[in-house]
Amino acid sequence: MNPLRAIPLSTVARARVMRHLLSVGLASLHAIFAGSPAHSHRFFASRASLGWRCTICPIEPDPGRMSMAPPDTLRDTRIPLAHGSGAMPAAGFGTLIPDPVATGQAVATALEAGFRHFDCAERYRNEEAIGEAFQAAFRAGTVRRDDVFVTTKLWNTNHRPERVKPAFDASRRRLRVDTVDCYIIHTPFAFRPGDEQDPRDGQGQVIYDPGVTLAETWQALERLVDDGHCRSIGLSDITLETLREIVAVARIKPAAVQVESHPYLPEWDLLDFCREHGIVLLAFAPLGHGLDPKVLDDPVITAIARRVGKTPAQVALAWAVQRGTAFLTTSTNPDRIRQNLDISPLPEEAMAEIRDGIRTSVRFNTVVKTGVPGFIPRVG
């Protein structure tokens, strides 16, 4: 019998668990807990402001993948949703691709490669192409709908409660799915309601909507869950302060928050808060979006990549999953799509090097300050 299964984690001395974690390594702990056919576990470690915290996250086994042997990659990791149904695949495919044809081809390739988590958005203006790619795979029998985790997002111009359900239903129709696994408020900023997605005044400034609060929009999302076509809800491009405010008033807590996060912006404090409240941190731009200073050129990342025989991108993505977050990566290059899913556990010393050895601190997207996504082309 697994000894920790018989002892609640709250009774185990924190320091003792942490010493065990560091001595055997994360991958070995995966092996220890994979030995239980009834219930498997994953250990995740995070750095808090005054030390380390170790958390056991129960992960419901997939009967089709049940094995006494531990997986040798992280690609199939799923994170159970504490405030929703199902589990989110940690490796996600982002669909911010301007050309609809390229979008459909990339989604088809990602499905073939093994991605089972797809992040969409009304504002990306390509949900129809994604829906067509989904349906082609479902009809071919290569993928089942139940195996695919679909996230999409409410745009800023639809924050008023009466506009939420019509926007949600429109996304479902375009994506050709009956149920959305996670519906996310794209940013906490409400823009002037209407069909114009990027409303501006004569000076080119965004026109905001002072007539609605984020809490009111959140309550409208909660009603979507009540209606049964939305399995979980979340937030995006949000600060820790604003997240605290929503968690304090929410009837249904956020299942996930989607924020920019990578080795140059690890968001440790936000990650700690999310873990304490059962919220999945879903990282966009986990590779730094190719902007300067380039995350993938960092000497710490490149040195680890040489040692473990992986690309710098695979190292950064493995780091993301291994520390307990999910990630979204986007590409239209078939080889790159496959490479981004070919991730394996890093040695604990490599995790420590990334945590303690990287000093660069950069936020590439200023959306958290304005609600204007820095990576999405303006409309018109």
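Fair warning: this is a prediction, and the values are worked out from it, not measured in the lab. We're numbering straight along the sequence, starting at 1.
Among all heavy-atom pairs drawn from Ser232 and Leu81, the shortest one is OG-CD1, 3.6 Å. Residues Leu221 and Val164 approach most closely at CD1-CG1, 3.7 Å, considering heavy atoms. Smallest separation of non-hydrogen atoms from Asp147 and Arg78: O-NH2, 3.2 Å. Taking each heavy atom of Pro254 and Ile279 in turn, the nearest pair found is O-CG1, 3.3 Å. Contact between Ala129 and Pro100 at its shortest, heavy atoms only, is CB-O, 3.3 Å. The two residues Ala133 and Ala108 come nearest to each other via the heavy atoms CB-N, 4.3 Å.
Interatomic distance, CG of Asp181 versus CZ of Arg116, reported as 13.5 Å (0.5 Å rounding). Of the inter-residue distances, the one linking Thr103 atom OG1 with Ile130 atom CD1 reads 6.0 Å to the nearest 0.5 angstrom. Taken to the nearest 0.5 Å, the CG atom of Leu240 stands 7.0 Å off from the CG atom of Asp269. Rounding to the nearest 0.5 angstrom, the gap separating the CD1 atom in Ile337 from the CG atom in Leu341 is 10.5 Å. With values rounded to the nearest 0.5 angstrom, Phe168 atom CZ is found 10.5 Å from Leu154 atom CG. Annotation: the span from Cys182 atom SG to Lys153 atom NZ amounts to 9.5 Å, rounded to 0.5 Å.
The cluster map of Ile, Leu, Val, Met, Phe, Trp and Tyr, joined by side-chain heavy atoms under 4.5 Å apart, puts Leu265 and Val362 in different clusters. Neither Phe273 nor Val368 shares a network with the other; the hydrophobic side chains, linked directly or stepwise wherever heavy atoms of I, L, V, M, F, W or Y lie under 4.5 Å apart, form separate groups for each. By the criterion of side-chain heavy atoms lying less than 4.5 angstrom apart, applied directly or through intervening Ile, Leu, Val, Met, Phe, Trp or Tyr residues, Ile358 is grouped together with Val295 in one hydrophobic cluster. Residues Val180 and Phe138 are members of one and the same hydrophobic cluster, defined by side-chain heavy-atom contacts under 4.5 angstrom among Ile, Leu, Val, Met, Phe, Trp and Tyr. Hydrophobic clustering (side-chain heavy atoms under 4.5 Å, transitive across Ile, Leu, Val, Met, Phe, Trp, Tyr) keeps Ile184 apart from Val225.
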Side chain to side chain contact (heavy atoms under 4.5 Å, CB included) between Asp342 and Lys310, worked out = CA-CA 9 Å; Asp342 184 19; Lys310 290 289 187 178; 3.3 Å; yes
ask   = Does the salt bridge (Lys or Arg N to Asp or Glu O under 4.0 Å) test come out yes or no for Lys165 and Asp169, once each step is laid out?
value = CA-CA 6 Å; Lys165 190 175 189 304; Asp169 289 340; 2.7 Å; yes
key: Stepwise side chain to side chain contact (heavy atoms under 4.5 Å, CB included) check, Thr325 with Leu281   = CA-CA 5 Å; Thr325 70; Leu281 192 153; 4.1 Å; yes
request  = Just do the side chain to side chain contact (heavy atoms under 4.5 Å, CB included) check on Leu317 and Val321 with the steps written out, would you?
outcome  = CA-CA 7 Å; Leu317 297 177; Val321 177; 5.9 Å; no
request  = Would you please test Leu287 and Phe327 for side chain to side chain contact (heavy atoms under 4.5 Å, CB included) and show each step?
outcome  = CA-CA 10 Å; Leu287 306 179; Phe327 70 77; over 6 Å; no
request  = Tell me, with the steps shown, if Glu353 and Arg307 meet salt bridge (Lys or Arg N to Asp or Glu O under 4.0 Å).
outcome  = CA-CA 13 Å; Glu353 287 177 50; Arg307 290 204 310 269; 2.7 Å; yes
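The main-chain N or O of Asp237 is never found under 3.5 Å from a side-chain atom of Thr187 such that the two would form a donor-acceptor pair. Side-chain N or O atoms of Glu267 include none that pairs as donor or acceptor with a backbone N or O of Val259 at under 3.5 Å. Of the possible donor and acceptor atoms, none in the side chain of Glu260 sits under 3.5 Å from a partner among the backbone N and O of Ala285. Looking only at distances, no side-chain donor or acceptor of Arg174 sits under 3.5 Å from a matching main-chain atom of Arg125. With hydrogens and angles ignored, the 3.5 Å screen pairs a side-chain donor or acceptor of Trp155 with a backbone N or O of Gln197. Put simply, the side chain of Ser171 never gets that close to the backbone of Glu122: no donor and acceptor are under 3.5 Å apart. With hydrogens and angles disregarded, no donor-acceptor distance shorter than 3.5 Å links the side chain of Thr302 to the backbone of Asp297. Using a distance-only test at 3.5 Å, with no hydrogens or angles considered, no donor-acceptor pair links the side chain of Thr242 to the main chain of Thr239. A donor-acceptor pair is defined here as one N or O able to donate and one able to accept, closer than 3.5 Å; such a pair exists between the side chain of Asn156 and the backbone of Gly371. The backbone N or O of Asp178 lies less than 3.5 Å from a partner atom in the side chain of Arg172, making a donor-acceptor pair.
Residues Phe134 and Arg176 have side chains not in contact (no heavy-atom distance under 4.5 Å, counting atoms from C-beta outward). Inter-residue side-chain proximity for Thr142 and Glu112 is flagged as unmet; no heavy-atom pair is nearer than 4.5 Å. Within the 4.5 Å cutoff, the side chain of Thr157 has no heavy atoms near those of the Glu196 side chain. At least one side-chain heavy atom of Arg251 sits less than 4.5 Å from a side-chain heavy atom of Asp226. In this structure, Trp218 and Val249 have side chains that are not in contact, with every pair of non-hydrogen atoms separated by 4.5 Å or more. Using a 4.5 Å cut-off on side-chain heavy atoms (C-beta onward), Phe118 and Leu111 make contact. Side-chain contact between His83 and Ile233: absent, with no pair of heavy atoms (C-beta onward) separated by less than 4.5 Å. Between Val143 and Val148 the shortest side-chain heavy-atom distance falls below 4.5 Å.
The distance between the ring centers of Phe364 and His262 falls below 6.0 angstrom.
A salt bridge does not link Arg223 with Asp227: none of the charged nitrogens is closer than 4.0 Å to a carboxylate oxygen.
Geometrically, Arg355 does not engage Trp268 in a cation-pi contact, judged by NZ or CZ lying under 6.0 Å from the ring centre and within 45° of the ring axis.
Gln339 and Thr311 share no donor-acceptor pair across their side chains, judged by distance under 3.5 Å alone. If you check the side chains of Ser261 and Arg323, you find a donor sitting under 3.5 Å from an acceptor.
The number of heavy atoms from other shown groups lying within 6.0 Å of CZ (Arg336) does not exceed 12. Heavy atoms of other residues, nucleotides or ligands lying less than 6.0 angstrom from CD of Glu162 number more than 12.
Taking the six-membered ring where the residue is Trp, Tyr208 and Phe189 present tilted rings, their angle falling between 30° and 60°.
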